[in-house]
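Before any comments, here is the structure.
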Protein chains: 2
Amino acid sequence: MATRTRRTDALTRERIVGAAVELLDTAGEGGLTFKALTERLATGAGAIYWHVANKDELLDAATDGAVAAALATEPGGQSPREEIRAVAFGLFDAIDEHPWLGTQLALQFSRNPWGTVTPRIFESIGRRVRALGVPEAAWFTATSALVHYILGAAGQNAANARGAGAGVDRAEFLDNASKAWEKLGPDDYPFLHAIAGQLREHDDREQFLAGLDFVLTGITASV
Amino acid sequence: MATRTRRTDALTRERIVGAAVELLDTAGEGGLTFKALTERLATGAGAIYWHVANKDELLDAATDGAVAAALATEPGGQSPREEIRAVAFGLFDAIDEHPWLGTQLALQFSRNPWGTVTPRIFESIGRRVRALGVPEAAWFTATSALVHYILGAAGQNAANARGAGAGVDRAEFLDNASKAWEKLGPDDYPFLHAIAGQLREHDDREQFLAGLDFVLTGITASV
DNA sequence: ACCTGAACACCGTTCAAGT
DNA sequence: ACCTGAACACCGTTCAAGT
């Protein structure tokens, strides 16, 4: 009887999403086009539409895959506070590695509110909030605050990293930004003028962790 | 001698930006096209390009104008902590009123790092962080944490509000989201299962303020 | 069932030509 | 200096036709 034969390079949803991620990683958000995708996969546009509904679904799948991978290694054996730090750094690193993730996560909830991305993140952080001893009435509020901070800060950091990148290294990028703040005129912008040096010398990961600790300290001190 | 006469409906950069804001407010981010813009302004595409360089510059100008308006009323006479709350609510309301602002603020720093938007926000929050008595070495870190939280939370809230909107009212939207979380299976998602009710009943502004207070409490307790 | 690729509607941007 | 509007390159999506 006839067995279904499959070419080893058969088009699958996974291969399409994989190629999309490669394009996003190498060419940025503007690099993901159906033209580039069909060339890389040596196929036609219609073939892709057989496996995915449209471009948004492709972006959702890429986002979900990256988030799932970032949350796959469950930190354990540490204190809840240290576990939250580890989960947060997992997301931070994922966004750092795939800068397009920052933008996509910001768009996720409006585009696909019933999707799997937000639940994954909420569940992972929320379990540790519970383990932290936060009373049940404050679970949702505390978890939301942490998730908002983590996605907001990691996303800005990715934007930051993207600002460098194109031939400009990070030190040069920060130096330029710092000089721009210094030029802003101490009358209208005295505060920026004063912290221009801190902008130049700050470490992204240290800063991210310090901010996360503010939120964690605020939660444990308040509830 | 000939005086320059100007038609009262002469095309100016301000009129163009104003029309862009109206389109964004009424038709969403996808509603801002050069076709819609030229129709509304009764002109040709080239005329718009005489006043603005491209669409990104138009979006930047719209974003900057909305942020400047939100920060225009300086709260005063209150405690620094209350002033930070007032500034944060000003941004929260602006993003709530113009949902496209949430997305644009997330994109601002990567698209236009030397722009005026980020400096405006940092300066306004930062001055109050200083007034809070935070030591100078922590100014940048504390201000960054607050700005990240505010933009992250307000942006998510706008996405949330957009999710409702299209014929679906807020209560119905939250009810659907809550049911989706309840359906997620208590084995894989025990935490979401447990807080589905809190999602349904939470108040956006209360939640936003509670999260902000976590960050503020963390800052004052840590430094 | 799965794939091809031309065709379509739409988009941002340019530019020779007008006033 | 300021505006017109046709033309261009590119985009996501569709669909009749193939295997």
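Lettering follows sequence order; numbering is per chain, from 1.
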Send over the distance from [X] [atom1] to [N] [atom2], rounded to a whole Å.
| X | N | atom1 | atom2 | value |
| --- | --- | --- | --- | --- |
| B:I48 | C:dC11 | CD1 | C1' | 14 Å |
| B:L23 | C:dC11 | CG | P | 12 Å |
| A:D56 | D:dC11 | CG | P | 17 Å |
| A:R13 | C:dC3 | CZ | P | 14 Å |
| A:I16 | C:dC2 | CD1 | C1' | 11 Å |
| B:L59 | C:dG12 | CG | P | 10 Å |
| A:E39 | D:dC11 | CD | C1' | 14 Å |

* **Watson-Crick or G-U wobble partner of C:dG5, both distances under 3.5 Å** =>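 Pairing partner, where one exists within any strand: D:dC15.
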* Any-strand Watson-Crick or G-U partner of D:dC10, both distances under 3.5 Å ->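 Its partner: none found.
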* Asked: Less than 4.5 Å apart, any side-chain heavy atom of A:P190 and any of B:E123?
  -> yes
Among [options], the nucleotide that comes nearest once only the side chain of [X] is considered:
| X | options | answer |
| --- | --- | --- |
| A:N54 | D:dT13, D:dG12, C:dT13 | D:dT13 |
| A:F34 | C:dC3, C:dG12, D:dT13 | D:dT13 |
| B:K35 | C:dC11, C:dT13, C:dT4 | C:dC11 |
| B:A45 | C:dC3, D:dA6, D:dC11 | D:dA6 |
| A:Y49 | C:dC3, C:dT13, D:dT13 | D:dT13 |
| A:W50 | D:dG12, C:dA1, C:dG12 | C:dA1 |

* With heavy atoms under 4.0 Å as the rule, sort B:L41 into base, sugar-phosphate or nothing. =>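 Touches nothing.
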* Could you check whether B:L58 gets within reach of a base, just the sugar-phosphate, or nothing at all, counting any heavy atom under 4.0 Å? =>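 Nothing: the residue B:L58, judged by heavy atoms under 4.0 Å, touches no strand.
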* Does any donor atom in the side chain of B:E29 or B:T103 lie under 3.5 Å from an acceptor atom in the other side chain? ->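 Side-chain D/A pair, B:E29 to B:T103: present.
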* To do: Consider only side-chain N and O atoms of B:Q207 and A:S144, and report whether a donor and an acceptor are under 3.5 Å apart.
  => yes
* Compute the ring centroids of A:Y149 and B:Y149, then answer whether they are less than 6.0 Å apart. => no
* Look at the side-chain N and O atoms of A:H51 and state whether any lies under 4.0 Å from the OP1 or OP2 oxygen of C:dC3. => yes
* To do: Nearest-nucleotide wise, let me know which of A:K55 and A:G46 is further upstream toward the 5' end of DNA chain D.
  =>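 That would be A:K55.
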* To do: Only one of B:R127, B:R128, B:R120 passes side-chain hydrogen bond (donor to acceptor under 3.5 Å, both in side chains) with B:S124; say which it is.
  => B:R128
